[in-house]
Amino acid sequence: MTIRVLLADDQALLRSAFRVLVDSEPDMEVVGEASDGAEAVRLAKEERADVVLMDIRMPGTDGLAATRMISEDPSLAHVRVVILTTFEVDDYVVQSLRAGASGFLGKGSEPEELLSAIRIAAGGEALLSPAATKGLIARFLAQGDGADETADPARTARLEALTVREREVLVQVAGGHSNDEIAERLEVSPLTVKTHVNRAMAKLGARDRAQLVVIAYESGLVRPRAE
């Protein structure tokens with residue numbers, strides 16, 4: 001299958017560079033370009049995009065609002081949003097993950113990283129490396145002194161639906177660990193881990209692993225702590 005990619009950035013030069021890179025790959029193609037968020041949402045529907053490379057700061061409807069619109073539209077449930085950011089982790093990125101983005105990537109990333117990110121997102125995984133997760137933790141620390149202050153009561157209550165093992169897996173996901181790493185830590189198979197992750201996502205209403213990380217901290221299951 002060919003991955004259908006939509007480019008959303010208000011800088012035409014960047015869009016052109018991304019188009020050349022993406023179209024050079026045999027398993028993906030650019031199906032549209034948008035210069036603002038509203039256009040990105042419209043094209044995501046019209047062009048049946050699989051992955052949207054979304055800039056946060058755009059005129060009119062920004063990337064954050066567009067990401068939320070996409071994630072809340074049942075007809076776009078298959079679309080994965082990858083946030084393009086100038087900074088490693090900022091408040092906009094945290095908000096975009098809450099809004100439903102599958103992850104984020106710095107605009108200074110290597111071409112191979114961008115192409116890999118598209119494939120990972122299209123496969124339903126989250127673009128959250130351990131380093132990126134630590135950046136998110138730092139943001140949660142900056143927003144409050146502890147989980148008790150920032151915990152979302154609704155999501156805390158939903159955690160009760162998780163089994164003990166699902167909670168254990170969620171804690172590991174929040175640490176930025178892959179399924180293989182979690183399997184090794186918990187001494188189970190990667191397939192078992194994947195099953196627990198999928199069940200946790202279904203019970204918590206998370207689109208992907210990125211939202212699981214956010215939920216783990218907002219619910220108070222995992223406490224942010226400086227290292």
Side-chain angles (χ1 to χ4, degrees), residues 1-9 11 13-34 40 43-44 47-57 63-64 66-67 70-71 76-90 92-94 96-97 99-137 172-184 190-191 193-194 197-198 201 206-214:
M1 291 181 60
T2 299
I3 303 172
R4 300 172 64 81
V5 182
L6 174 64
L7 306 176
D9 195 301
Q11 298 183 45
L13 186 60
L14 276 179
R15 295 200 309 271
S16 296
F18 288 146
R19 174 181 280 277
V20 171
L21 179 63
V22 171
D23 283 343
S24 69
E25 296 298 297
D27 61 337
M28 59 183 72
E29 65 174 337
V30 173
V31 295
E33 296 184 24
L43 289 177
E47 302 298 339
R48 296 176 290 108
D50 298 311
V51 176
V52 180
L53 295 182
M54 183 85 74
D55 184 25
I56 285 285
R57 298 168 181 83
L64 177 60
T67 297
I70 289 174
S71 67
L76 297 176
H78 66 286
V79 179
R80 294 292 175 259
V81 177
V82 177
I83 296 298
L84 297 174
T85 176
T86 304
F87 306 100
E88 188 63 26
V89 178
D90 61 17
Y92 285 106
V93 170
V94 175
S96 70
L97 291 174
S102 294
F104 56 93
L105 195 68
K107 287 187 176 181
S109 300
E110 295 294 324
E112 293 76 14
E113 292 179 294
L114 176 64
L115 296 173
S116 176
I118 293 172
R119 294 186 178 100
I120 290 172
E125 294 296 323
L127 302 172
L128 288 180
S129 66
T133 302
K134 288 179 181 178
L136 287 176
I137 293 172
Q172 296 298 318
V173 170
H177 301 294
S178 67
N179 284 355
D180 288 343
E181 292 170 339
I182 296 173
E184 184 175 346
L191 180 58
V193 172
K194 183 177 181 179
V197 170
N198 289 339
M201 286 171 53
R207 282 168 61 94
D208 52 32
R209 294 171 78 99
Q211 284 200 310
L212 281 182
V213 173
V214 173

Listed partners of Asp180 passing side chain to side chain donor-acceptor pair (under 3.5 Å), at least two apart:
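Scan of Asp180 (side chain to side chain donor-acceptor pair (under 3.5 Å), adjacent residues dropped) gives none.
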#### Entry: Phe18 side chain near Leu84 side chain, heavy-atom distance below 4.5 Å
yes
For this session: Could you check if a side-chain atom of Ile70 sits within less than 4.5 angstrom of a side-chain atom of Met54, using non-hydrogen atoms only?
Result: yes
Shortest non-hydrogen contact from [X] to [Y]?
X      : Y     : result
Ala40  : Ala8  : CB-CB, 3.8 Å
Glu33  : Leu43 : O-CD1, 3.2 Å
Arg119 : Asp27 : NE-OD2, 2.7 Å

**Asked** side-chain contact (heavy atoms from CB on, under 4.5 Å) between Asp23 and Glu29: does it pass, once the steps are laid out?
**Response** CA-CA 5 Å; Asp23 283 343; Glu29 65 174 337; 4.1 Å; yes
Under the 3.5 angstrom rule, does the side chain of [X] hit a backbone N or O of [Y] as a donor-acceptor pair?
X     : Y      : result
His78 : Ala49  : yes
Arg4  : Val31  : no
Thr67 : Gly100 : no

Atom [atom1] in [X], atom [atom2] in [Y]: separation rounded to 0.5 Å?
X      : Y      : atom1 : atom2 : value
Gln172 : Glu184 : CD    : CD    : 11.0 Å
Leu114 : Glu112 : CG    : CD    : 9.5 Å
Arg57  : Leu64  : CZ    : CG    : 10.5 Å

Could you please spell out the steps behind the side-chain contact (heavy atoms from CB on, under 4.5 Å) verdict for Met28 and Leu115?
CA-CA 9 Å; Met28 59 183 72; Leu115 296 173; 3.7 Å; yes
- Message: With side-chain contact (heavy atoms from CB on, under 4.5 Å) as the criterion, how do Val82 and Ile118 come out once you've worked through the C-alpha distance, each side chain's angles and the decisive distance to 0.1 Å?
- Response: CA-CA 8 Å; Val82 177; Ile118 293 172; 6.0 Å; no
With Leu53 as partner, the option from Leu6, Leu105, Leu7, Asp9 fulfilling side chain to side chain contact (heavy atoms under 4.5 Å, CB included) is Leu7
>> The test is side-chain contact (heavy atoms from CB on, under 4.5 Å); show your working for Arg80 and Asp50 and say whether it passes.
In response: CA-CA 6 Å; Arg80 294 292 175 259; Asp50 298 311; over 6 Å; no
